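Just so it is clear, the structure is predicted and the values come from calculations on it, not from any experiment. As the structure lists them, so they are numbered: ligands from 1, and atoms in each ligand from 1.
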Amino acid sequence: MIKDITYINQEIVSKSDINTEFYNGNDVYIETYGCQMNVNDSEIVSGILVQHGYRIVDDISKSNIVLLNTCSVRDNAEAKIMHRLAHLKAYRKQNKKLIVGILGCMAERLKGKLIGKQDLVSIVIGPDEYRKVPELIEQAQNGESGIAVKLSKVETYSDIIPLRTEGFSAWVSIMRGCDKFCTYCIVPFTRGNERSKPFPIIINEVIDLQKQGIKEVTLLGQNVNSYVDLVNKADFAKLLDEVAKAVPEMRIRYTTSHPYDMTDELIEVMANHQNICKYIHLPVQSGSERILKLMNRHYTPEYYLERIEKIRFMMPYISLSTDIISGFPTENEEDHQQTLYLMEQVRFDGAYMFNYSPREKTKAYKWTDDVSDETKKRRLNEIIDLQNKISKENNKNEIGRIHEVLVEGASKKNKFQWQGRSDTNKVVIFDNANLKYQAGNIVKCKIKDSTSATLFGDVID
Ligand code: SAH
Ligand code: SF4
Ligand code: F3S
């Protein structure tokens, strides 16, 4: 179970050292915060930098250029970056040449206000202007600050090869932006309008990844299932179907989908292909019809439950996760109880649970944030406790089942116990004392024990 109020959030992802052919003498260190889109964007920025002769390093002390790829989704995501800047300021005392740039959603939201922050930031670049990163670094080296924050209606970085350096799983962005305008959400303002990558480019990208030995791809977007390529007449169901056929040996995942766009065709495509992982992250946000309407989510709890029923009818062992916001403006006790009730009905395998955080520019920002901190906290705790209980019970039911697990590496606690992910996206720990299994292998594990967060299994041949 994911109890924290974060996505992969705020975890710092960095790259191992990469050599470029035309090294220009500059080493860049990138820290990534926020969602998977940002992780893939950092790979795109790294790809652009390497093309220009930069080297990407995974040790901040080896670099004079630090880029923070940031998130604005909740206030605490931004607070974290401000702390990090204060920390980097101390670091600059030891390294006078240090250049600091802010990329991502905070750059887009705060624009010029970030220049000079902590007497440190000299580069600010929004999500649609990453082609300018090399130019703005050069400018900063000449003592000039630079801002590039225009949003684009067309930019998809289709021609950029992301610099992927981690493991056997790869992110593939298929669309950017969001047109849904949920009333609480900053993303449409920081990421701009929806636009999709051309269908043939995605197919070629996954085929290339398979040739490189990648075992799993995750198709990415803020709203993957509103993907549309009008020229090639492909919606998301068609894209997923064709990807599954193009790379039959690869596992295919996707995130994040919106319940409104969860069509019957899409569910059927998932059920039809063995290599499409049986896991869906389907954010519900609330179990109250009134609150969902205020959130502008375009569905009712009944509609959501009907989608879940259809999904489970077609794929009985599928695993499901969700996002829930607690304490949205005007949320009363009855609304909260309806959220708990919906959770009981669906019995999600995991959830990312957040307190509502008012974001400037959004529609809900104009409404009074009238649920007290104390009530928000209490309701969120009730949601978390219920989810933990359900996750634990669901995982107990896994005992005796057999899962195909993509091996990742040694577990954090014990180097003889290795871990991987099931097709249903659960962490599975198994014994690998004699190092028989390598990262990238797919092994069959019979589950023998579980907690709310983890499954434990024996490899069966
Ligand atoms: N596009 C995805 C989610 C992107 S943001 C989707 O629609 O599902 C990830 C999650 O952050 C959202 O699902 C929502 O639960 C949460 N979130 C977004 N804005 C928030 C806010 N202002 N306060 C609290 N949580 C928020
Ligand atoms: Fe935000 Fe809603 Fe778009 Fe998701 S669908 S990114 S929650 S506006
Ligand atoms: Fe955060 Fe931007 Fe992703 S606001 S969640 S990094 S799209």
Can you tell me if Glu289 uses its side chain to pair, donor with acceptor, with the backbone of Thr300 under 3.5 Å? no

Ligand 3 versus Gln222: contacting region, heavy-atom distance under 4.0 Å: side chain

Pairing of Glu404 and Lys426 as salt bridge, 4.0 angstrom limit: no

Ligand-residue contact atoms, ligand 1 with Asn355, heavy atoms, under 4.0 Å: 23 (N), 24 (C)

Per the side chain to side chain donor-acceptor pair (under 3.5 Å) rule, what does the pair list look like for residues 303-318, sequence neighbours excluded? Asp264-Arg307, Glu268-Lys310

Ignoring hydrogens and angles, state whether a donor on the side chain of Asn394 or Asn397 is under 3.5 Å from an acceptor on the partner side chain. no

Distance filter under 4.0 Å to Tyr356 heavy atoms, resulting ligand 1 atoms: 23 (N), 24 (C)

Between ligand 3 and Met37, can you find any atom pair, the residue atom being a heavy atom, that is separated by under 4.0 Å? no

Under 3.5 Å, N or O to N or O, is Gln285 touching ligand 1 that way? yes

Let me confirm one number: the CD1-CZ distance from Ile325 to Arg297, rounded to the nearest 0.5 Å. 8.0 Å

For atom 7 (O) of ligand 1, which of the options Met353, Arg191, Arg297 provides the nearest non-hydrogen atom? Arg297

Could you check whether any side-chain heavy atom of Leu292 comes within less than 4.5 Å of a side-chain heavy atom of Pro301, counting everything from C-beta outward? yes

Below 3.5 Å, N or O to N or O, backbone or side chain included: is there any such pair between Arg359 and ligand 1? no

Check each of Ile384, Ile383, Asn388, Ile390 against Leu386 using the side-chain contact (heavy atoms from CB on, under 4.5 Å) test, and report the only one that passes. Ile390

To the nearest 0.1 Å, how far is atom 7 (S) of ligand 2 from its closest protein heavy atom, and which atom is that? Tyr184 OH, 3.4 Å

Protein N, O or S within less than 2.8 Å of atom 3 (Fe) of ligand 2, waters excluded: Cys178 SG

Please state which part of Cys105 comes within less than 4.0 Å of ligand 3, counting heavy atoms only: side chain, backbone, both or neither. side chain

Heavy atom under 4.0 Å from ligand 1: found in Val73's side chain, backbone, both, or neither? both

Residue pair Glu331 / Arg379, side-chain heavy-atom distance below 4.5 Å: yes

Take every heavy atom of Arg191, measure it against each atom of ligand 2, and state whether any distance is under 4.0 Å. no

Under a 4.0 angstrom heavy-atom cut-off, which atoms of ligand 1 come close to Thr256? 2 (C), 6 (C), 8 (O)

Where does the angle between the aromatic ring planes of Tyr130 and Tyr157 fall among parallel (under 30°), tilted (30 to 60°) and perpendicular (over 60°)? parallel

For Asn38, the ligand 3 atoms whose distance to one of its heavy atoms is below 4.0 Å: 6 (S)

What residues, two or more places apart in sequence or in another chain, satisfy salt bridge (charged side-chain N to carboxylate O under 4.0 Å, His left out) together with Lys278? none

With a 4.0 Å cut-off on heavy atoms, is Gly104 touching ligand 3? no

For Arg74, the ligand 1 atoms with a heavy-atom partner under 4.0 Å come out as 11 (O), 16 (C), 17 (N), 23 (N), 24 (C), 25 (N), 26 (C)

Element-labelled atoms of ligand 3 that are located less than 4.0 Å from some non-hydrogen atom of Cys71: 1 (Fe), 4 (S), 5 (S), 6 (S)

Please identify which of these residues, Ile147, Leu110, Ile123, meets the side-chain contact (heavy atoms from CB on, under 4.5 Å) condition with Ile115. Ile147

For the pair Ser319 (side chain) and Thr424 (backbone), establish whether a donor and an acceptor sit closer than 3.5 Å, ignoring hydrogens and angles. yes

Heavy-atom proximity to atom 5 (S) of ligand 3, picking from Cys35, Pro127, Gly177, points to Cys35

Checking Leu219 against Arg253 for the side-chain contact (heavy atoms from CB on, under 4.5 Å) test, could you report, in this order, the C-alpha distance in whole Å, the side-chain angles of both residues, the deciding distance, and whether it holds? CA-CA 6 Å; Leu219 306 179; Arg253 300 185 184 281; over 6 Å; no

Please confirm whether Asp323 comes within less than 3.5 Å of ligand 1 when only nitrogen or oxygen atoms on both sides are compared. yes

What part of Ser357, side chain from CB on, backbone N/CA/C/O, both or neither, has a heavy atom under 4.0 Å from ligand 1? both

N or O contact, Tyr184 vs ligand 1, cut-off under 3.5 Å: yes

Any side-chain to backbone donor/acceptor pair from Asn225 onto His258? Under 3.5 Å, distance only. yes

Salt bridge check, Arg378 against Glu333: does any charged N sit closer than 4.0 Å to a carboxylate O? yes

Within residues 98-115 or reaching into it, pairs that qualify as side chain to side chain donor-acceptor pair (under 3.5 Å) - sequence neighbours excluded: Glu78-Arg109

